[in-house]
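First the structure, in the form of structure tokens, and then the observations on it.
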Amino acid sequence: MSLILGIETSCDETAASVVEEGVIVRSNIIATQHKLHERYGGVVPELASRAHLERISPVISEALEKASVSFADLDAIAVGNRPGLIGSLLVGVSAAKALAWTLNKPLIGIDHVKAHLYAGFMQIPSADPKSQISNLTSQISNFKSPISNLKSDINPFPALGLVISGGHTSLYSLTSPLEMRIIGRTIDDAVGEAYDKAAVILAIGYPGGPRLDKLAQTGDASKHRLPRTLLGAESLDFSYSGLKTALLYAVRGYPVGKGSSATFEKSAADLSEEDRRDLAAAFQEAAVETLMKKLDRAVEQLAAQGERPRSLLIGGGVSANSLVRKRALEFGEEKGLNVRLPAMSLCLDNAAMIAGLAHEHFTRGDRSDFKLEAISTSR
Ligand code: KG4
Ligand code: ZN
């Protein structure tokens with residue numbers, strides 16, 4: 001049995017988690033900094049790294065305590081070392097190095113974006129202690145890890161992966177949890193970033209994605225037609241800036257003048273509650289339909305190359321979106337794909353996915369050395 005401590009500080013969540021056998025989440029502690037950044041309408045890097053420094057030790061202690069394990073029980077220390085804000089990443093990387101050094105345990109650096117795709121394989125035991133024990137036993141015997149499944153009938157690979165977050169909108173073709181190639185990416189805004197900006201345009205506050213999702217569920221998407229940017233008939237890349245601008249004009253009217261001197265005839269304050277809901281729904285429909293269209297293209301193109309995916313892995317903050325989850329399951333049914341969506345608490349940034357993916361590296365014998373760096377980009 002392996003027990004891995006995961007640490008995650010790439011952006012504005014300070015997180016630590018203990019994961020058993022790469023799949024069983026024994027604890028998942030997330031200290032969010034939303035309140036700290038709310039009044040600035042986005043993450044302020046200097047404030048984020050200072051907050052990580054204050055929180056990292058108590059968050060790690062709590063993760064161990066909730067998992068009922070001590071430092072000595074751990075088999076490895078894993079940390080998200082890329083991509084992210086350098087000042088934030090450095091806090092987690094330094095903490096992980098210090099622990100690995102003093103405890104004499106292996107250190108494993110993890111790519112945060114790849115970890116998002118692994119989250120759908122992980123299980124959160126039920127809070128009820130009795131069912132927890134029986135669940136754990138059956139989960140471990142049925143499903144040790146995606147890699148062990150490679151030999152069984154339920155091998156989920158090759159898989160199509162979609163990471164949708166505040167920083168990424170990327171499509172991958174995966175042959176294992178560790179081997180993947182990128183086949184599409186955004187050429188401008190990430191979809192989560194577009195949600196956050198759309199929430200500012202609609203004046204519904206921060207964090208924008210979840211608020212817009214909730215509002216959209218009460219609106220009528222057919223009242224407004226917003227664009228779906230597909231970038232030609234073949235492209236697997238994404239573009240969300242046109243959708244964002246179309247929403248801006250739908251809310252405020254066309255601008256008079258250019259650049260910073262442009263003025264708008266209306267403001268978000270002029271929207272009725274009904275308009276706001278309908279615009280949120282129209283935005284959500286356009287954003288999600290675009291994602292689904294690209295997934296469809298990717299499946300067809302991979303199939304034509306003889307690499308038809310068996311499953312669809314989705315991860316990142318936007319995988320918590322209600323319409324994404326609904327449409328992804330429908331799409332999977334239609335295409336015969338096994339869809340793996342993360343549990344809600346594993347969609348947003350968390351350290352469980354870091355420890356989970358680290359298990360795959362751990363069993364393969366991969367180790368990082370103490371030169372492990374914080375790197376702003378994904379590999
Ligand atoms: O993965 P994540 O926590 O951080 C990054 O790695 O970026 O993703 C955060 C993003 C934010 O843009 C947030 O607005 C978006 O995920 N998000 C959502 C929802 N929940 C979070 N977007 C749409 N609908 C949601 N329910
Ligand atoms: Zn993330």
Side-chain angles (χ1 to χ4, degrees), residues 8 10-13 15 30-44 48 83-85 112-113 115-117 119-120 162-170 185-186 188-219 221 224 226 228-229 238-248 250-251 268 271 276-292 294-295 314-328 341-350 353:
E8 154 64 35
S10 66
C11 188
D12 59 344
E13 329 279 357
I30 304 171
T32 171
Q33 303 177 5
H34 285 168
K35 282 264 166 299
L36 193 65
H37 302 287
E38 188 169 15
R39 65 182 165 132
Y40 304 103
V43 177
V44 182
L85 301 168
H112 173 105
V113 179
H116 270 307
L117 288 177
L162 174 68
V163 178
I164 37 179
S165 70
H168 293 86
T169 306
S170 306
R185 53 164 67 87
T186 181
D188 42 55
D189 292 354
V191 62
E193 186 184 354
Y195 260 91
D196 295 334
K197 288 178 180 162
V200 173
I201 293 169
L202 291 168
I204 55 174
Y206 172 90
R211 290 193 188 192
L212 201 153
D213 182 10
K214 199 158 170 229
L215 192 65
Q217 290 172 41
T218 63
H224 300 268
L226 296 176
R228 281 86 168 135
T229 310
F238 299 88
S239 165
Y240 278 100
S241 69
L243 172 59
K244 189 185 64 188
T245 308
L247 178 70
L248 177 72
V251 171
L271 290 174
R276 206 183 301 273
R277 286 200 291 266
D278 294 344
L279 283 162
F283 175 88
Q284 174 132 300
E285 186 66 39
V288 177
E289 201 180 298
T290 308
L291 291 176
M292 294 303 139
K294 296 289 172 160
L295 288 176
I314 305 189
V318 186
S319 62
N321 183 271
S322 59
L323 193 61
V324 167
R325 294 179 87 85
K326 178 170 177 278
R327 295 277 162 84
L341 286 161
M344 289 302 270
S345 59
L346 300 181
C347 291
L348 290 159
D349 286 349
N350 66 86
M353 65 184 193

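These values consider heavy atoms only, across backbone and side chains, with no hydrogens, waters or symmetry-generated copies.
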Worksheet, complete the sentence: Nearest heavy-atom approach of Leu226 to Leu279 is CD1-O, 4.4 Å
Worksheet entry | Nearest heavy-atom neighbours spanning Thr229 and Thr290 | O-CG2, 3.6 Å
Fill in: Partner residues of Arg276 under the salt bridge (charged side-chain N to carboxylate O under 4.0 Å, His left out) criterion, sequence neighbours left out
Glu273
Discussion item. Just verifying a value: how many Å separate Arg327 CZ and Met292 CE, rounded to the nearest 0.5 Å?
Written reply: 8.0 Å
Worksheet item: Which atoms form the tightest heavy-atom contact between Asp349 and Cys11, and what is the distance?
Response: OD2-CB, 4.2 Å
Response to the item:
The side-chain contact (heavy atoms from CB on, under 4.5 Å) partners of Asp278 (sequence neighbours excluded) come to Asp220, Lys223, His224, Glu274
Item to complete: Test side chain to side chain contact (heavy atoms under 4.5 Å, CB included) on Leu162 and Phe238 and set out the steps.
Response: CA-CA 12 Å; Leu162 174 68; Phe238 299 88; 4.0 Å; yes
Worksheet entry | Partner set under ring-ring contact (aromatic ring centres under 6.0 Å, His included) for Phe283, not counting sequence neighbours | Tyr195
Worksheet item: For Lys294, which residues count as a salt bridge (charged side-chain N to carboxylate O under 4.0 Å, His left out) partner, sequence neighbours excluded?
Response: none
Item to complete: Evaluate side chain to side chain contact (heavy atoms under 4.5 Å, CB included) for His34 paired with Glu13, printing each intermediate quantity in order.
Response: CA-CA 8 Å; His34 285 168; Glu13 329 279 357; 3.8 Å; yes
Item to complete: Evaluate the ring planes of His116 and His112, with Trp represented by its six-membered ring, and classify them as parallel (under 30°), tilted (30 to 60°) or perpendicular (over 60°).
Response: perpendicular
Item to complete: Please report the shortest heavy-atom distance between Ala281 and Ala216, naming the atom on each side.
Response: CB-O, 3.5 Å
Fill in: salt bridge (charged side-chain N to carboxylate O under 4.0 Å, His left out) against Lys214, all qualifying residues, sequence neighbours excluded
none
Practice prompt. Take Leu36 and Asp12 through the side chain to side chain contact (heavy atoms under 4.5 Å, CB included) test and state the conclusion after the steps.
Written response: CA-CA 9 Å; Leu36 193 65; Asp12 59 344; over 6 Å; no
Worksheet item: What's the shortest heavy-atom distance between His37 and Val43, and which atoms?
Response: ND1-CA, 3.7 Å
Item to complete: Please list, chain by chain and in numerical order, all residues satisfying salt bridge (charged side-chain N to carboxylate O under 4.0 Å, His left out) with Arg211, sequence neighbours excluded.
Response: Glu38
Worksheet item: Does Lys244 reach the side chain of Ile201, with side-chain heavy atoms less than 4.5 Å apart?
Response: yes
Practice prompt. Grab the two heavy atoms, one from Pro342 and one from Gly315, that are nearest each other, plus how far apart they are.
Written response: CG-CA, 4.1 Å
Practice prompt. Say whether Asn350 and Glu8, considering side chains only, have a donor N or O and an acceptor N or O under 3.5 Å apart.
Written response: no
Practice prompt. Go through the side-chain N and O atoms of Ser239 and Asp188 and say whether any donor and acceptor fall under 3.5 Å apart.
Written response: yes
